[in-house]
Each structure stands twice: as C-alpha cells, then as structure tokens.
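Numbering of residues begins at 1 and proceeds along the displayed sequence. Every heavy atom of this structure was used, including side-chain atoms; hydrogens, water molecules and symmetry mates were not.
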Amino acid sequence: MGMKKPKKWGLLTLGLIMALSVAGCSGSSNGGGSAAGDNGNKSTNAPAATKQAEPKLTENDPGWKADTSPITFDWYLNFSWFPNKWGVDPTSQYVTKKTGVDINFIVPAGNENEKLNTLIASGKLPDFVTLGFWEDNIKKMIEGDLVLPLNKLAEEYDPYFFKVSDPDKLGWYTQEDGNVYGYPNSSSSPKDYEKYGDSYVSNQTFVVRKDIYDAIGSPDMRTPEGFLNALKMAKEKFPEVNGQPLIPLGLHEFTETGNDSLEGYLQNFLAIPWEKDGKVYARETDPEYVRWMKTLRQANQDGLLAKDIFIDKRAQMEEKITQGRYFAMLYQRTDFAAQLGTIYQKNPEQVYIAVDGPANVNLDPPTLNGPSIAGWTVTLISKDVKDKARAIRFLSYLNSEEGNKDLYLGEKGVSYDTIDGKDQFLPEAFELMNKDRSAFDKKYGSSFTFWMLQNTNITDQWAPKSVEPFKQLEDWTRGKAINTSEFQQIDPTGNSPEGIIATKLKQLRGKTIPKLLMASSDEEFDKIWTDYLAKQKEEGYDTFHAFQQKKYEENKKKLGME
C-alpha cells in the first residue's frame with residue numbers, strides 16, 4: 001500500500017481500513033450477458049417486448065439517470081481485509097434507491113493473488129474488479145481480453161464519463177492500444193499539486209506509544225544509536241503490556257515480495273533520491289539504506305525484533321495494535337486508524353503519536369510519498385459484465401462530484417445536513433466516526449466506507465477538520481509529502497520477458513530481507529548483501545533497470561515534465 005493521499009486524508013480514509021462483502025439479487029440485462037437472477041424462466045411463446053430506443057446522450061447528461069431499474073453487479077475487491085457489506089447501511093441503500101444498482105461484493109478469504117489468479121485462469125471475471133494499481137494482474141487481464149476499454153464503453157453508452165473523468169488520469173492509464181481499461185481512486189495529477197499541493201499530506205509515519213515514549217524521556221530516534229537505545233529502554237522499562245510481551249518495533253507484514261516498511265518507507269524517511277543525473281536510482285543500494293538495514297540487524301541481535309513481526313498478517317497486527325503491544329511502528333497511519341480510535345477512547349495517553357524517526361547522516365527531513373497520479377486502486381469492467389451500459393454509467397456516477405458526495409456525506413438528514421450554511425456531517429455521526437469506525441460504517445456507511453472511486457480532491461470541500469488522535473499524525477506529515485508521479489508504474493509487469501524478470505527480482509528481495517535482519521553479524525550481512533546483488537544481476541537486473549528508465553522518461557513526457 002504504498003501510496004499517497006491528499007489533505008484531510010486521515011479522516012477521509014478511515015474507511016480504508018474497513019472492508020466490504022455484500023449479498024445482492026437479480027438485475028436487468030443490456031448489452032452484456034444474461035442478468036443475474038434470470039434463471040432462464042422466460043416463456044419462448046411470449047411475444048417479444050418492444051423496447052423503446054434510448055435518447056441520444058451527451059457529455060452533459062448523467063447516463064445513469066436513463067435507467068434506474070433494479071440491477072445487481074458482482075464486484076470483486078482484491079483486499080481480504082475488507083469487511084463491510086453493501087445494503088446494510090443507509091448510504092449504500094440510498095445509492096441503490098437512487099441509481100437502481102445493488103452490489104454483491106466478492107472479497108478473497110485468504111491470499112488475494114491466489115483468488116484473482118483463479119478467476120483470471122477461468123477466463124470469466126465478476127462485473128467489476130478493483131485492485132491496487134501496482135498489481136501484475138492488471139496487465140494479465142488486459143492482455144487476456146478479460147476487461148473492456150472504458151473509453152469505448154463511454155463512447156457507445158455514456159459520454160458523461162469523459163466529463164467526470166480527469167483527462168490527465170485517462171492519459172496516464174492509456175495503454176499502447178490507445179484504450180483505457182481502469183480508472184484510479186485517490187489520484188492526484190501534477191495539476192492537482194499546483195492547486196492543492198500545499199495541503200497534501202502523506203500516509204507514511206513513524207509512530208511511538210505516547211506514554212512509553214514519555215516515560216523513557218522522549219529520546220531522539222533519528223540516529224541508529226538513538227533508535228536502538230530507545231527500543232532497548234522501552235523493552236527494559238515495559239517488558240510486558242497487560243501480561244503480554246512488549247513488541248519494540250512493528251512493521252508492515254512480510255510477504256513473498258518484500259516488506260513495505262523496509263523498502264519505500266525507510267528509503268523515504270532517509271530522503272534517498274529517486275533519480276540521480278537523470279537516471280532512475282537503485283535506492284536500496286544507497287549507503288544510508290544499507291546503514292539502517294544493518295541497524296535493524298543489530299536490533300534483532302539485541303532481541304529487539306520480536307518473532308511476531310516476521311509472521312503476523314494484518315489481522316494479527318490490528319489486534320496487537322489495539323492492545324498497545326507495539327512501542328514503535330514504521331507504518332501507514334490510515335491502516336491502524338480504527339485501532340487508534342479505540343485506544344483513544346480507553347486511554348488518550350496510550351495512543352500512538354508520530355515522531356521523527358530514522359534519518360540520514362545529515363538528519364534531513366523525510367521525503368514521503370504524497371498522492372500520485374497512479375492513485376491507490378484501479379477499477380475495471382469485465383468483458384462478461386451483465387450490462388455494459390449500466391456498468392459504465394454507474395462507474396461515471398461514482399466518479400462524479402455527485403457520486404463522491406453521496407458516498408462521502410451519505411444521505412442528507414441521515415449522516416449529514418446543511419449546518420451553518422455548509423454541508424457537513426451531523427455531530428452524532430462525526431462523533432461515532434472518530435470513536436468507533438466499524439460501528440460508524442454499519443450505522444451510516446458514509447465517509448467512504450465504499451472507497452472504490454473516491455476522489456479526495458473533490459470531497460475536501462466537505463471534509464471536517466481532523467480531530468485527535470488522528471490530527472497529530474496527519475499534521476506531522478504536512479510539508480513532507482512530495483509528488484513522485486513520474487516514478488509510478490515504471491516496473492515491468494505481466495508475462496513479458498521483463499515482467500518475468502521483475503517477478504523474480506521481487507521474490508528474491510522477499511527472501512533476502514528477513515535473512516539480512518537475522519544475520520548473526522555485520523560480516524554475515526555483508527555476505528548476504530553481496531550475494532543478493534550478484535543474484536539480481538544473474539536474474540536480469542540490467543534489463544529490468546533499462547525498462548524502468550524507458551518508462552520513467554515516457555512518464556515525464558506524459559506529465560509534461562520535459
């Protein structure tokens with residue numbers, strides 16, 4: 001999840017940590033396969049119904065209004081942590097009543113890649129698919145002709161799509177065949193930076209548990225020495241939390257391709273450049289990065305890296321965060337916002353606060369990922385979609401200001417109203433949002449409980465001011481967020497020769513990072529590191545890097561940076 005968000009992001013994306021799966025019913029058919037719930041129970045003797053021709057739509061006509069009869073779409077979300085269901089809350093009920101569209105969310109129970117690969121192998125996808133913009137499977141779905149070009153659907157059924165879509169984002173996601181297959185959420189272009197950039201914040205934080213940090217004297221953790229000493233003092237002074245061992249340092253989960261905390265996050269905290277002399281820089285080879293990876297190796301040798309962090313998945317981490325078992329975490333703040341709210345209600349002194357974390361030898365401030373044009377997720381429409389017209393029109397509605405307002409504020413009089421001349425959340429809804437996000441999602445379903453096409457540049461006009469404990473984390477990142485759009489999506493994907501190399505390199509990195517941390521000495525670390533770089537070369541790193549450089553230069557042209 002590396003990534004990226006705009007202003008007021010702490011509140012806007014508390015819904016990102018929740019998840020969805022819903023039951024749906026039948027729908028009508030138009031321009032696609034048979035409707036769900038049809039069951040083939042049509043009489044062959046009945047006269048064919050006379051269908052009136054739809055009026056010719058223009059870019060100014062919200063196409064979704066042309067047909068609001070009941071229909072259910074299956075929507076696959078490639079996020080196993082997503083728990084909410086469409087139709088149980090007033091916001092999704094309101095959208096269904098308004099548009100006629102019900103949604104049956106399909107969420108993998110376990111490994112996302114296994115589930116999506118199975119669907120791709122079957123050759124038949126659910127109506128909508130939403131996944132991270134960085135996923136290899138996007139290219140597989142496009143190359144396998146499993147998804148439809150959004151631009152062609154819009155030309156045929158819904159020219160309004162072009163009015164509510166950002167030309168820069170359409171240009172960014174245009175493929176070599178000239179078509180656009182996916183549209184992003186949480187995306188900000190360079191033009192957006194000109195307009196909103198001063199207020200953009202980042203999701204990337206280094207946090208500590210406030211009461212423990214205060215108790216050990218609020219030490220400076222920017223240097224390797226200070227960092228290790230703080231972890232040591234925390235463990236010695238607070239060996240247990242509610243009868244459970246303290247975990248000195250928390251990180252994002254280890255996967256087969258690496259660890260977000262120990263790659264981009266750490267490199268950004270060390271302000272390692274993305275390019276040098278016009279060439280894409282291999283950031284992990286930077287001496288500052290190697291120095292800090294050795295620091296973490298020392299932390300493990302000193303018993304300051306618990307075994308839990310090497311095996312826990314997000315669900316286990318969320319439970320331990322709620323219990324306050326981590327002293328420090330290099331972590332995405334919105335990923336633990338719900339847990340933070342729960343802690344705050346119980347004891348405000350035990351919340352996690354953002355502090356200055358690992359820094360380079362010059363103690364330069366971090367250069368954190370702000371929102372980029374690539375966004376966070378992309379949504380695609382399957383070639384097997386049961387109704388092409390309704391699908392593109394619903395996507396346009398979600399992407400429009402009206403759709404964003406509906407999913408952000410909800411239904412007027414239910415979760416928001418016009419108060420003091422401004423549309424804003426009702427006090428009781430806002431209070432529950434910050435007190436118990438899970439309960440809020442079920443009771444109201446607004447504030448982007450359903451975030452598939454969220455555009456926070458639009459919804460900022462209705463965003464309330466951040467409150468504690470979220471405000472402190474958000475404010476800490478202010479001024480540290482940078483635009484890295486030209487470096488997004490430069491890695492090869494799919495089954496191309498370069499894509500296969502990229503997969504091997506990621507898997508090599510995923511195997512190597514734990515070995516580096518578990519090395520018994522700096523000498524063993526150096527040997528593992530040298531072998532790692534040699535194996536990269538053997539796997540075709542030079543070809544991989546040449547591809548990155550070419551894409552980087554193309555991105556700069558796309559973004560008008562040359």
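- Under a 4.0 Å N-O distance rule, the pair Arg437/Asp441 qualifies as a salt bridge.
- A salt bridge is absent between Lys388 and Glu156; no separation between the charged side-chain nitrogens and carboxylate oxygens falls under 4.0 Å.
- A donor-acceptor pair shorter than 3.5 Å can be found between the side chains of Thr484 and Gln488.
- In this structure, Gln332 and Thr205 have side chains that are not in contact, with every pair of non-hydrogen atoms separated by 4.5 Å or more.
- No hydrogens or angles considered: nothing links the side chains of Thr367 and Asn268 as a donor-acceptor pair under 3.5 Å.
- When side chains are defined from C-beta on, Gln424 does not count as touching Trp462, because their heavy atoms never get closer than 4.5 Å.
- Two residues are said to be in side-chain contact when any heavy atoms from C-beta on lie closer than 4.5 Å; Phe487 and Ser372 fail this criterion.
- Under the 3.5 Å distance criterion, with hydrogens and angles disregarded, a donor-acceptor pair is assigned to the side chains of Asp406 and Tyr397.
- Nearest heavy-atom pair across Asp423 and Lys405 is OD2-NZ, 2.6 Å.
- Note that CG of Leu426 and CG of Asp417 are 6.0 Å apart. Values are rounded to the nearest 0.5 Å.
- Gln454 and Ser186 form a side-chain donor-acceptor contact under 3.5 Å, judged by distance and modelled atom types alone.
- Ion pair Asp475/Arg478 flagged as a salt bridge, since at least one NZ, NE, NH1 or NH2 atom sits closer than 4.0 Å to an Asp/Glu carboxylate oxygen.
- Residues passing the side-chain hydrogen bond (donor to acceptor under 3.5 Å, both in side chains) test with Thr379 are Thr130, sequence neighbours excluded.
- Between the side chains of Gln549 and Glu553, at least one donor N or O sits under 3.5 Å from an acceptor N or O.
- Counting heavy atoms from C-beta on, the side chains of Ser446 and Tyr408 never come closer than 4.5 Å.
- Checked against the 6.0 Å centroid threshold, Tyr416 and Phe425 do not count as a close aromatic pair.
- With hydrogens and angles left out, the side-chain atoms of Asp436 and Ser438 include no donor and acceptor closer than 3.5 Å.
- Glu256 and Asn113 get closest at one heavy-atom pair: OE2-ND2, 4.5 Å.
- Using the six-membered ring where Trp is involved, Phe336 and Tyr331 have ring planes that are tilted, between 30° and 60° apart.
- The pair Arg393-Asp67 does not count as a salt bridge, with every side-chain nitrogen at least 4.0 angstrom from each carboxylate oxygen.
- Salt bridge present: Arg314 and Asp335 bring a charged side-chain N and a carboxylate O closer than 4.0 Å.
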**Message:** Between Tyr76 and Phe128, is the ring pair (Phe, Tyr, Trp, His ring centres under 6.0 Å) condition met? List the steps.
**Reply:** CA-CA 6 Å; Tyr76 176 79; Phe128 289 88; over 10 Å; no
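- When every heavy atom of Gly87 is checked against every heavy atom of Ser92, the shortest pair comes out as N-OG, 2.8 Å.
- Interatomic distance, Leu116 CG to Ile120 CD1, rounded to the nearest 0.5 Å: 4.0 Å.
- Taking all atoms of both residues into account, the shortest heavy-atom contact from Trp64 to Lys98 is CZ3-O, 3.5 Å.
- Remark: of the listed residues Val385, Asp387, Ile381, Val385 is the sole one forming a side-chain contact (heavy atoms from CB on, under 4.5 Å) with Asp127.
- Looking at Asn104 and Thr72, their side chains never bring a donor and an acceptor atom within 3.5 Å of each other.
- In this structure, the separation between OH on Tyr160 and CD1 on Ile392 is 12.5 Å, given to the nearest 0.5 Å.
- Note on Glu554 versus Lys550: salt bridge recorded, some NZ/NE/NH1/NH2 to OD/OE distance being below 4.0 Å.
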side-chain hydrogen bond (donor to acceptor under 3.5 Å, both in side chains) between Trp172 and Gln489, intermediate numbers included: CA-CA 10 Å; Trp172 179 263; Gln489 295 178 290; 2.4 Å; yes
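- Ion pairing between a basic and an acidic side chain is recognised when a charged N comes within 4.0 Å of a carboxylate O; Glu486 and Lys556 show no such pairing.
- Between the side chains of Ser188 and Tyr196, not a single donor N or O lies within less than 3.5 Å of an accepting N or O.
- Using a 4.5 Å heavy-atom threshold, the side chains of Phe450 and Asp89 count as touching.
- Closest approach of Asn399 and Ser165 over heavy atoms only: ND2-OG, 3.3 Å.
- Neither side chain, Asn404 nor Thr459, offers a donor N or O lying under 3.5 Å from an acceptor on the other.
- With sequence neighbours excluded, the residues satisfying side-chain hydrogen bond (donor to acceptor under 3.5 Å, both in side chains) with Asn60 are Lys163.
- Residues Val164 and Glu401 have side chains not in contact (no heavy-atom distance under 4.5 Å, counting atoms from C-beta outward).
- The CG atom of Asn259 sits 10.0 Å away from the CZ atom of Arg509 when rounded to the nearest 0.5 Å.
- Proximity of Asp158 to Leu153: side-chain heavy atoms (C-beta onward) are nowhere separated by under 4.5 Å.
- Residues Lys506 and Asp491 form a side-chain contact, since some pair of their non-hydrogen atoms from C-beta on lies under 4.5 Å apart.
- For Phe547 and Phe544, the ring centers are positioned 6.0 Å apart or more.
- Taking the charged nitrogens against the carboxylate oxygens, Asp166 and Lys169 do have a contact shorter than 4.0 Å, which makes a salt bridge.
- When each of Phe133, Phe448, Trp451 is checked for a ring-ring contact (aromatic ring centres under 6.0 Å, His included) with Trp376, only Trp451 meets the rule.
- Taking CG of Asn117 as the start and CD of Glu112 as the end, the distance is 11.5 Å to the nearest 0.5 Å.
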Exercise. I would like to know whether Lys412 and Thr418 meet side-chain hydrogen bond (donor to acceptor under 3.5 Å, both in side chains); could you show each step before the answer?
Key: CA-CA 8 Å; Lys412 190 168 187 178; Thr418 304; 3.0 Å; yes
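- Residues Ser382 and Leu125 come closest through the heavy atom pair OG-O, 3.3 Å.
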